[in-house]
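Read the structure below first, then the notes.
These values consider heavy atoms only, across backbone and side chains, with no hydrogens, waters or symmetry-generated copies.
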Amino acid sequence: MAYVIASTCIDVKDGACQDVCPVESIYEGGRMMYIQPDECIDCGLCLSVCPVSAIYAQDELPEHERDFLRANAEFFGSSVTGWGSPGGADARHISTLDHPLVAGHKIPAPY
């Protein structure tokens, strides 16, 4: 089981999660961070530091965020970055691209 980054990360990309990940399985996209599910070791450190509560254990992902499970995995596939399992976040693995779900996501206007 992997952790999943969901919608509240969009346009935030704080990076604290990336700093604490012991296996560097969190990568930066254009509008949000993504967890490579095959590299995640399910330690939960990222969850503990996320300032916007955007990270969930896969089996605790709220129903309205379920599409982000697919978005995190597909970000690494041929339809977005083509990275597969890069083996650790580094300067070569930062992208301006996002999964289509994220690229088209509209942030609600504040009241």
Side-chain angles (χ1 to χ4, degrees):
M1 178 180 63
Y3 279 83
V4 177
I5 299 179
S7 67
T8 55
C9 184
I10 297 174
D11 295 332
V12 175
K13 294 194 319 183
D14 173 75
C17 57
Q18 196 175 36
D19 293 339
V20 300
C21 181
V23 294
E24 300 175 341
S25 68
I26 302 174
Y27 296 81
E28 185 175 343
R31 294 182 67 193
M32 69 175 267
M33 308 299 268
Y34 295 85
I35 295 177
Q36 208 299 344
D38 297 328
E39 295 176 359
C40 178
I41 60 170
D42 197 29
C43 69
L45 288 174
C46 58
L47 176 73
S48 70
V49 300
C50 181
V52 293
S53 301
I55 304 173
Y56 298 89
Q58 181 176 330
D59 62 347
E60 295 177 3
L61 195 61
E63 189 63 36
H64 70 279
E65 300 279 16
R66 296 296 302 166
D67 288 341
F68 283 88
L69 179 61
R70 181 177 47 83
N72 276 252
E74 291 178 0
F75 174 77
F76 299 92
S78 61
S79 64
V80 184
T81 63
W83 291 342
S85 184
D90 57 27
R92 295 172 306 179
H93 295 100
I94 296 173
S95 181
T96 59
L97 302 173
D98 280 296
H99 185 275
L101 174 72
V102 175
H105 188 80
K106 305 282 188 222
I107 303 295
Y111 293 99

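Counting heavy atoms from C-beta outward, Tyr56 and Leu47 have side chains that stay 4.5 Å or more apart. Residues Gln58 and Leu69 meet the side-chain proximity criterion, which asks for heavy atoms closer than 4.5 Å. With contacts defined as side-chain heavy-atom distances shorter than 4.5 Å, the pair Cys21/Val23 qualifies. Within the 4.5 Å cutoff, side-chain heavy atoms of Ser95 are placed close to those of Phe75.
Looking only at atom types and distance, the side chain of Ser85 has a donor-acceptor partner in the side chain of Glu39 under 3.5 Å away.
Gly29 and Lys13 get closest at one heavy-atom pair: O-NZ, 3.0 Å. Shown here for Cys17 and Cys46, the closest heavy-atom pair between the two residues is CB-CB, 3.8 Å.
Atoms CZ and NE2, on Phe68 and His99 in that order, are 9.5 Å from each other to the nearest 0.5 Å. Here SG of Cys50 is found 10.0 Å from CE of Met33. Values are rounded to the nearest 0.5 Å. To the nearest 0.5 Å, atoms CE (Met32) and CD1 (Ile5) are separated by 5.5 Å. The CH2 atom of Trp83 lies 10.5 Å from the CZ atom of Arg92; values are rounded to the nearest 0.5 Å.
Here Arg31 does not pair with Asp98 in a salt bridge; the nearest charged N to carboxylate O distance is not below 4.0 Å.
Judged purely by atom type and a 3.5 angstrom limit, Glu74 has no side-chain atom pairing as donor or acceptor with the backbone of Val80. Thr8 contributes a side-chain N or O that, together with a main-chain N or O of Val52, makes up a donor-acceptor pair within less than 3.5 Å. At least one donor-acceptor pair closer than 3.5 Å links the side chain of Asn72 to the backbone N or O of Ile35. Proximity of a side-chain donor or acceptor of Gln18 to a complementary backbone N or O of Ile26 within less than 3.5 Å is detected. Formation of a donor-acceptor pair under 3.5 Å by the Ser25 side chain with backbone atoms of Gln36 is not found in this model.
Residue Leu61 forms a side chain to side chain contact (heavy atoms under 4.5 Å, CB included) with just one option from Val4, Asp67, Ile55, and that option is Val4.
Cluster membership check: Tyr34 shares its hydrophobic cluster with Leu101, using side-chain heavy-atom separations under 4.5 Å among Ile, Leu, Val, Met, Phe, Trp and Tyr. Under a hydrophobic clustering in which Ile, Leu, Val, Met, Phe, Trp and Tyr are joined whenever their side-chain heavy atoms come within less than 4.5 Å, directly or via other members, Val12 and Ile10 fall into different clusters.
For an aromatic pair to be called close, the ring centres must be under 6.0 Å apart, and Phe76 with Tyr27 satisfies this.
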